[in-house]
Participant: 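So that we are looking at the same thing, I have put the structure below in structure tokens.
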Protein chains: 2
Amino acid sequence: MKTDDSLDSPIAAICREKGMKLTGQRRTIAHVLSESDDHPDVEELYRRATAVDPRISIATVYRTVRLFEEQGILRRRDFGGGRARYETTDHGDHFHLIDVDSGTVMEFDDEELKALLAGIGARMGYEVATTRLELYGRRKKKKGR
Amino acid sequence: MKTDDSLDSPIAAICREKGMKLTGQRRTIAHVLSESDDHPDVEELYRRATAVDPRISIATVYRTVRLFEEQGILRRRDFGGGRARYETTDHGDHFHLIDVDSGTVMEFDDEELKALLAGIGARMGYEVATTRLELYGRRKKKKGR
DNA sequence: TAGTATATGAGAACGATTATCAGTTGCAAG
DNA sequence: CTTGCAACTGATAATCGTTCTCATATACTA
Ligand SMILES: [Zn+2]
Ligand SMILES: [Zn+2]
Ligand SMILES: [Zn+2]
Ligand SMILES: [Zn+2]
């Protein structure tokens with residue numbers, strides 16, 4: 001496998017730091033992930049990766065996203081529809097609002113919300129470890145005047 | 001199929017009102033659901049139903065929960081783990097807190113939380129139709145004193 | 001009680017994901 | 001630079017929850 005330096009990426013650097021073997025396929029998938037700012041599923045990642053290098057099988061994409069998730073590089077999301085979606089963890093902690101008509105996924109964050117959720121958990125005697133929160137809605141019509 | 005009146009239930013009554021054919025299997029599943037106050041998956045419902053009447057196949061349980069969901073009798077939940085969980089809609093609108101150690105599912109509700117979520121959606125230009133919210137946490141140790 | 005539309009049981013089919021395994025490759029040591 | 005081997009990959013089978021198929025059975029109406 002030729003080594004194409006143009007495929008280097010922040011995620012590839014993390015792989016090296018962690019001592020993970022950096023194969024051509026892994027470098028390409030890391031590159032694709034590094035320049036993605038959305039929430040692709042495995043099929044979509046497969047499409048983007050094979051567009052760069054067709055010598056990648058879907059099995060390897062599945063293996064790689066699992067590996068990257070275990071290594072804390074990727075976060076797995078489930079917005080319904082039966083397929084896992086992925087985003088890099090460096091996007092930070094946030095929630096999602098999904099437009100039910102278009103499927104568009106938007107991100108938001110809110111400190112008051114986080115505090116409220118932690119407080120509810122605490123009141124029930126729990127330390128909240130993970131929150132899964134998605135809002136599904138439709139675009140509001142402009143209010144007439 | 002013999003008609004066992006002891007299996008009548010509020011959900012069976014709803015079926016009758018809606019003009020749905022009330023088969024023996026459906027009556028049994030409705031009975032089991034009416035007296036369940038947890039979040040069983042299809043396997044568990046199948047166990048509970050066949051304990052009452054073994055002449056029920058898992059296919060019919062799948063069909064029935066789907067039908068009941070379409071009819072607004074059941075609400076489908078997904079707490080991870082890959083299998084759908086069900087609860088009757090008459091439990092009302094609420095959220096869930098899952099004990100990650102035991103798997104126990106607890107329910108909670110909070111008006112301030114609902115208002116905050118609706119406000120966040122509105123600020124983003126959306127009318128929130130559905131909210132999916134689950135807290136995953138571990139029991140807090142009692143604070144020493 | 002008979003007729004018909006609908007439901008059921010058993011198992012095949014499905015779709016996303018994981019496992020298997022023979023062949024390939026990154027990488028480190030010589 | 002070669003070599004050696006553990007780790008990786010591609011192709012495809014297996015898995016798992018769920019839905020579909022179809023021949024048979026049943027509830028409800030008249
Ligand atoms: Zn690119
Ligand atoms: Zn996101
Ligand atoms: Zn009972
Ligand atoms: Zn509930």
Side-chain angles (χ1 to χ4, degrees), chain A residues 1-5 7-8 12-13 15-30 32 39-47 49-50 52-71 74 76-86, chain B residues 1-5 7-8 11-13 15-30 32 39-47 49-50 52-71 73-74 76-86:
Chain A
M1 161 88 38
K2 76 179 168 203
T3 291
D4 181 346
D5 288 332
L7 293 181
D8 269 327
C15 289
R16 233 182 311 261
E17 280 167 31
K18 295 195 179 234
M20 300 157 66
K21 196 187 272 191
L22 199 45
T23 63
Q25 291 87 335
R26 214 169 265 180
R27 189 193 319 272
T28 299
I29 295 169
V32 163
H39 303 80
D41 60 21
V42 167
E43 290 284 348
E44 177 59 25
L45 288 173
Y46 177 60
R47 250 175 259 125
T50 48
V52 175
D53 180 350
R55 282 178 304 178
I56 296 177
S57 76
I58 186 101
T60 294
V61 180
Y62 271 107
R63 271 190 291 249
T64 304
V65 293
R66 186 148 49 108
L67 174 69
F68 284 2
E69 194 200 353
E70 287 162 6
Q71 297 294 322
L74 286 185
R76 190 204 306 240
R77 300 286 191 180
D78 172 9
F79 299 143
R83 19 225 298 175
R85 316 269 299 254
Y86 292 89
Chain B
M1 158 85 40
K2 77 179 167 205
T3 292
D4 181 346
D5 288 332
L7 292 182
D8 268 328
I11 291 179
C15 290
R16 231 182 312 259
E17 280 166 32
K18 295 193 179 236
M20 299 158 66
K21 196 190 272 193
L22 198 45
T23 63
Q25 291 87 335
R26 214 169 264 180
R27 190 194 317 274
T28 298
I29 295 168
V32 163
H39 303 80
D41 60 21
V42 167
E43 290 284 348
E44 177 59 25
L45 287 173
Y46 176 61
R47 252 175 258 124
T50 48
V52 175
D53 180 348
R55 282 178 303 178
I56 296 177
S57 77
I58 187 101
T60 294
V61 180
Y62 271 107
R63 271 190 290 247
T64 304
V65 294
R66 186 149 50 107
L67 174 69
F68 284 2
E69 194 200 354
E70 288 163 6
Q71 295 296 322
I73 295 169
L74 286 185
R76 189 203 308 241
R77 302 286 190 180
D78 173 8
F79 299 144
R83 20 224 299 176
R85 316 267 301 253
Y86 293 89

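Chain identifiers are assigned alphabetically (A, B, ...) following the order of the sequence lines, protein sequences preceding nucleic acid strands; residue numbering begins at 1 within each chain.
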Participant: For B:Q25 and C:dG9, is the shortest distance between a side-chain N/O and OP1 or OP2 below 4.0 Å?
Facilitator: yes

Participant: When the distance from CG of A:L22 to C1' of D:dT9 is rounded to whole Å, what number comes out?
Facilitator: 15 Å

Participant: Base, sugar-phosphate, or nothing: which does B:I58 touch, judged by heavy atoms less than 4.0 Å apart?
Facilitator: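 Since no nucleic acid heavy atom lies under 4.0 Å of B:I58, the category is nothing.
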
Participant: Output yes when at least one side-chain N/O atom of A:Y62 is less than 4.0 Å from OP1 or OP2 of C:dT18, else no.
Facilitator: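 The answer is no; no side-chain N or O of A:Y62 sits under 4.0 Å from OP1 or OP2.
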
Participant: To the nearest Å, give me how far apart NZ (A:K18) and C1' (D:dA7) are.
Facilitator: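 Rounded to the whole Å, the gap is 18 Å.
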
Participant: Which nucleotide sits closest to the side chain of B:K21: C:dT25, C:dA5, D:dG10?
Facilitator: C:dA5

Participant: Please determine if a side-chain N or O atom of A:T23 lies less than 4.0 Å away from the OP1 or OP2 oxygen of D:dT9.
Facilitator: yes

Participant: C:dG26, D:dC28, D:dT18: which one has an atom nearest the side-chain heavy atoms of B:V42?
Facilitator: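 Looking only at heavy atoms from C-beta outward on B:V42, the closest nucleotide is D:dT18.
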
Participant: Distance check: side-chain N/O of A:R83 vs OP1/OP2 of C:dG15, anything under 4.0 Å?
Facilitator: no

Participant: With no angle test and no hydrogens, is the base of C:dG26 tied to the side chain of A:R26 by a donor-acceptor pair under 3.5 Å?
Facilitator: no

Participant: Output the rounded distance in Å from CD1 (B:I56) to P (C:dA10).
Facilitator: 12 Å

Participant: Figure out the CG/P separation between B:D78 and D:dC16, and round it to whole Å.
Facilitator: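 It works out to 18 Å between those atoms.
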
Participant: If only atom types and distance count, is the side chain of B:R26 paired as donor or acceptor with the main-chain N or O of B:K21 below 3.5 Å?
Facilitator: yes

Participant: Using atom CZ of A:R27 as one end and atom C1' of D:dA7 as the other, report the distance to the nearest whole Å.
Facilitator: 16 Å

Participant: Between B:D8 and B:R27, does the side-chain contact (heavy atoms from CB on, under 4.5 Å) criterion hold? Intermediate values first, please.
Facilitator: CA-CA 7 Å; B:D8 268 328; B:R27 190 194 317 274; 3.7 Å; yes

Participant: For residues A:I56 and A:Q25, report the shortest heavy-atom separation together with the two atoms involved.
Facilitator: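 Shortest heavy-atom separation between A:I56 and A:Q25 comes out as CG1-CG, 3.7 Å.
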
Participant: Within this structure, what is the CG-to-P distance between B:L67 and C:dA7, rounded to whole angstrom?
Facilitator: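 Computing the B:L67:CG to C:dA7:P distance gives 7 Å.
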
Participant: Report the residue (B:A84 or A:M20) whose heavy-atom-nearest nucleotide on DNA chain D is the more 5′ of the two.
Facilitator: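 Taking each residue's closest nucleotide, the earlier one in sequence belongs to A:M20.
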
Participant: A:R55 CZ to D:dC8 P: how many Å, rounded?
Facilitator: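 After rounding, the reported distance stands at 18 Å.
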
Participant: Is it true that A:H39 and A:F79 have ring centroids separated by less than 6.0 Å?
Facilitator: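 Yes, close enough.
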
Participant: Please determine which of A:T60, A:V52, A:T23 meets the side chain to side chain contact (heavy atoms under 4.5 Å, CB included) test together with A:T28.
Facilitator: A:V52

Participant: Tell me the interatomic distance from B:D53, atom CG, to D:dA25, atom P, rounded to whole angstroms.
Facilitator: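 Whole-Å distance recorded here is 17 Å.
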
Participant: Is the phosphate of D:dC20 approached by B:R66 (side-chain N or O, under 4.0 Å from OP1 or OP2)?
Facilitator: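 Indeed, a polar side-chain atom of B:R66 lies that close.
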
